[in-house]
Amino acid sequence: MALALYNSLTHQKEPFRPMRPDAVGIYACGPTVHDFAHIGNARMVVVFDLLVRVLRRAYKQVTYVRNITDVDDKIMDAAKRNGEGIAALTARTSAAFQQHMAALGAQAPDVQPRATEHIPEMIAMIQALIAKGHAYVTQNTVLFDVPFDPHYGQLSRQDRDGIVAGARVDVAAYKRDPTDFVLWKPSTPEQPGWDSPWGRGRPGWHIECSAMAEKYLGVTFDIHGGGQDLIFPHHENEIAQSTCAHDGAPLARTWVHNGFITVRGEKMAKSVGNVVSVSDLLAKHDGETIRLTLLSAHYRQGLDWTDEVIEQSKKALDRWYRAAGDAHAGAPDAQFLAALDDDLNTPQAIARLHGLADAALAGDAGAKAALKASAEVMGVLAKGGEAWFRGDAGGEGAEIEALIAQRAAAKKAKNFAEADRIRAVLDTRKIVLEDSANGTTWRRA
RNA sequence: GGCCAGGUGGCGGAGUGGCUACGCAGCGGCCUGCAAAGCCGUGUACACCGGUUCGAAUCCGGUCCUGGCCUCCA
């Protein structure tokens, strides 16, 4: 079965057909590195990581570009608050981002362009837009002329009147039309800035993605995506800039947007004070558990982040590791792959993994190998069973084995009170014992 | 107000015009010295009201409710 994806541009699920037979270009809007990544950033990363893994199985050459926005007002504010230079801040936060996403099993994109390293490309695109009459200069600011673009609003299905009517922000006086948006704006001497035909300044938010996508993927490419909040205005404006700069050539053929995460039923926001950071989660949970939780709901649905859903994912992984932890990966299961091909239907794919685990636990070696291989396509079950259940702490091992031996002796002597006491002691240390015909093994809870 | 998603059993969460989703929790049992793990069995679901149909939770119309976006946002 071939891959089908829901295209937010057409509002329907479509068979995916790349522009070239063996090569796919995909661009995802990455983080603005003003702070450490939160679980919402992570969902986008994990969803697109999975999409890229699925694409790589089907196409020889997949080019995955995910940008890093390292010039932005929030970054300037954060740097000021921390008494830290902007370069130091973005170096620190983007390094942490790489680390945290790797811990979630996300492979690095092929290209991770930074906005600050592509200023000339942005200036060139802005100049082209001015030359074609799609942008105008006023007060050292360059603005995109929205009413001049008849196709504006096709992605978000908003017309100009609706945008104006719903506006929550005061319209800057220098705009010809309330919907016009900034391509370039002046910087004060203490703000980061670059020389340009319009004076020293910095780019607007949207132009970086248009310029960098063109540089690395060409004028028109296969897939563009990000969180669904980016549909408007960010992606709408990208489409406007790119298509107008490229004489009507579309920016991307398929648009993929992932849903939002709520935290215990509430919107996750700084103002609510419930932002869940990836680094905090990694301190308490294995990256695979977090990854599976992020994939436990379909990517376009909302996902409510609670301790219960994390616990469920942990239990699922325990079971799968028990069923196939040390197996050699075989070929991934066909039903599993079909579920992913169907617009990344991870809940159905996960259901299939449970079925394979049942068969594997019943002694089916083929199911065991298929479980291992299938789960690895999803980016989980990649460790050995030993590593999963016991972790790296080797120093404790000998001591635990000694206690297990003491308990075995007590059991042999029918001294069950002593045997249970030893088990209880280990239990307080979150060590669980499992007796079987072949002896006793231990694992961390 | 405009645009877009949704409302499924105690919870999480797919799907479908007629056939058990799946998982977690619960309950009963097997196994076990007792547990853990594993295994077997087990329950009430498709927001509401109409309509189409042999048959709808699934299609159509209406109602109610929830969430997101409407120039900071993954």
Side-chain angles (χ1 to χ4, degrees), chain A residues 8 11 28-32 34 37-48 72-74 77 146 153 155-172 175 178-182 204-206 225-234 236-237 257-262 265-271 275 293 296-298 300-304 306 308-316 318-319 322-323 339 342 345-355 357-358 361-362 411 414-417 419-420 423-424 427 432-437 440-443 445:
Chain A
S8 341
H11 289 245
C29 287
T32 300
H34 64 279
H38 57 64
I39 194 64
N41 301 118
R43 187 181 198 190
M44 172 261 143
V45 168
V46 167
V47 165
F48 282 84
D72 165 90
D73 287 359
K74 283 201 296 294
D77 293 345
V146 169
L155 179 67
S156 61
R157 310 215 155 178
Q158 292 274 348
D159 59 19
R160 217 192 118 270
D161 294 342
I163 297 166
V164 174
R168 297 181 298 199
V169 179
D170 290 339
V171 176
K175 290 189 181 183
T179 59
D180 292 347
F181 57 89
V182 170
W205 175 31
H206 317 296
Q228 68 183 187
D229 59 315
L230 296 182
I231 289 173
F232 190 89
H234 185 54
E236 195 69 74
N237 291 354
H257 291 99
N258 63 274
F260 253 45
I261 287 182
T262 50
E266 274 191 298
K267 179 181 172 166
M268 183 171 75
K270 254 197 181 133
S271 53
V275 175
T293 306
S296 65
H298 184 89
R300 281 190 279 116
Q301 298 298 101
L303 174 61
D304 193 35
T306 64
E308 287 72 28
V309 293
I310 300 170
E311 211 35 55
Q312 281 194 27
S313 297
K314 166 72 163 67
K315 286 182 178 177
D318 280 345
R319 185 177 161 81
R322 223 169 255 130
D342 184 15
N345 192 332
T346 51
Q348 216 156 58
I350 289 168
R352 181 57 186 157
L353 294 184
H354 284 300
D358 287 343
L361 285 165
K411 277 174 66 175
K414 305 271 188 221
N415 185 354
F416 295 120
D420 289 350
R423 190 168 61 194
D427 186 63
V432 179
L433 299 187
E434 298 185 357
D435 293 339
S436 77
T440 301
T441 58
W442 65 274
R443 65 178 168 90

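Everything quoted here is computed from the prediction, not taken from an experiment. Order of the sequence lines fixes the chain letters, A, B, ..., with proteins taken first and strands second; residue numbering starts at 1 for each chain.
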Between [N] and [M], how far apart are the two [atom1] atoms, rounded to whole Å?
{"N": "B/rA21", "M": "B/rU42", "atom1": "P", "value": "13 Å"}
{"N": "B/rC39", "M": "B/rC49", "atom1": "P", "value": "41 Å"}
{"N": "B/rG41", "M": "B/rC73", "atom1": "C1'", "value": "50 Å"}
{"N": "B/rC69", "M": "B/rC11", "atom1": "P", "value": "26 Å"}
{"N": "B/rC60", "M": "B/rU16", "atom1": "P", "value": "14 Å"}
{"N": "B/rG62", "M": "B/rC24", "atom1": "C1'", "value": "37 Å"}
{"N": "B/rA56", "M": "B/rG13", "atom1": "P", "value": "29 Å"}
{"N": "B/rG15", "M": "B/rG6", "atom1": "C1'", "value": "16 Å"}

What's the [atom1]-[atom2] distance between [X] and [N], to the nearest Å?
{"X": "A/I163", "N": "B/rG1", "atom1": "CD1", "atom2": "C1'", "value": "14 Å"}
{"X": "A/D318", "N": "B/rA37", "atom1": "CG", "atom2": "P", "value": "9 Å"}
{"X": "A/E434", "N": "B/rC34", "atom1": "CD", "atom2": "C1'", "value": "15 Å"}
{"X": "A/M268", "N": "B/rG68", "atom1": "CE", "atom2": "P", "value": "13 Å"}
{"X": "A/K267", "N": "B/rA5", "atom1": "NZ", "atom2": "P", "value": "19 Å"}
{"X": "A/Q228", "N": "B/rC4", "atom1": "CD", "atom2": "P", "value": "13 Å"}
{"X": "A/L303", "N": "B/rC11", "atom1": "CG", "atom2": "P", "value": "17 Å"}
{"X": "A/K414", "N": "B/rC34", "atom1": "NZ", "atom2": "P", "value": "11 Å"}

Determine the contact category for [X]: base if any of its heavy atoms lies under 4.0 Å from a base atom, sugar-phosphate if only primed atoms, P, OP1 or OP2 are that close, otherwise nothing.
{"X": "A/G227", "value": "sugar-phosphate"}
{"X": "A/P178", "value": "base"}
{"X": "A/L433", "value": "base"}
{"X": "A/S8", "value": "nothing"}
{"X": "A/D420", "value": "base"}
{"X": "A/H257", "value": "nothing"}
{"X": "A/H11", "value": "sugar-phosphate"}
{"X": "A/R157", "value": "sugar-phosphate"}
{"X": "A/D73", "value": "nothing"}

Using side-chain hydrogen bond (donor to acceptor under 3.5 Å, both in side chains) as the criterion, list what pairs up with A/E236, not counting sequence neighbours.
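Checked A/E236 against side-chain hydrogen bond (donor to acceptor under 3.5 Å, both in side chains); matches are A/S156.
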With sequence neighbours excluded, tell me which residues meet side-chain hydrogen bond (donor to acceptor under 3.5 Å, both in side chains) with A/E434.
A/R443
Rounded to the nearest 0.5 Å, what separates atom CD in A/Q312 from atom CD1 in A/I350?
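It is 10.5 Å, given to the nearest 0.5 Å.
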Taking for A/V432 and for A/H206 the nucleotide of RNA chain B with the nearest heavy atom, the one nearer the 5' end belongs to A/V432
Most 5' of A/V146 and A/T32 on RNA chain B, judged by nearest nucleotide
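It is A/V146, whose closest nucleotide lies nearer the 5' terminus.
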With a 4.5 Å limit on heavy-atom distance, are the side chains of A/R300 and A/Q228 in contact?
no
Side-chain contact test, heavy atoms from C-beta onward, threshold under 4.5 Å: evaluate it for A/L303 versus A/S296 and give yes or no.
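In contact.
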With the six-membered base ring of B/rA74 as reference, does the ring of A/F260 sit under 5.5 Å away with planes under 30° apart?
yes
Return the set of residues passing salt bridge (charged side-chain N to carboxylate O under 4.0 Å, His left out) with [X] (not counting sequence neighbours), or none when no residue passes.
{"X": "A/E311", "value": "none"}
{"X": "A/R160", "value": "A/D177"}
{"X": "A/D180", "value": "none"}
{"X": "A/K175", "value": "none"}

If every non-hydrogen atom of A/I39 is compared with every non-hydrogen atom of A/I261, which pair is closest and at what distance?
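Looking at all heavy atoms of both residues, the shortest contact is O-CD1, 3.5 Å.
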Which nucleotides of nucleotides 20-30 of chain B have their base under 4.0 Å from a protein heavy atom (B), which only their sugar-phosphate (S), and which neither (-), written as one string 5' to 3'?
-BSBSS-----
With pairs defined as Watson-Crick or G-U wobble and both distances under 3.5 angstrom, please note down RNA chain B as a dot-bracket string, | for pairing with another strand.
(((((((..(((.....[...))).(((((.......)))))....(((((..]....))))))))))))....
Partners of A/H298 by ring-ring contact (aromatic ring centres under 6.0 Å, His included), sequence neighbours excluded?
none
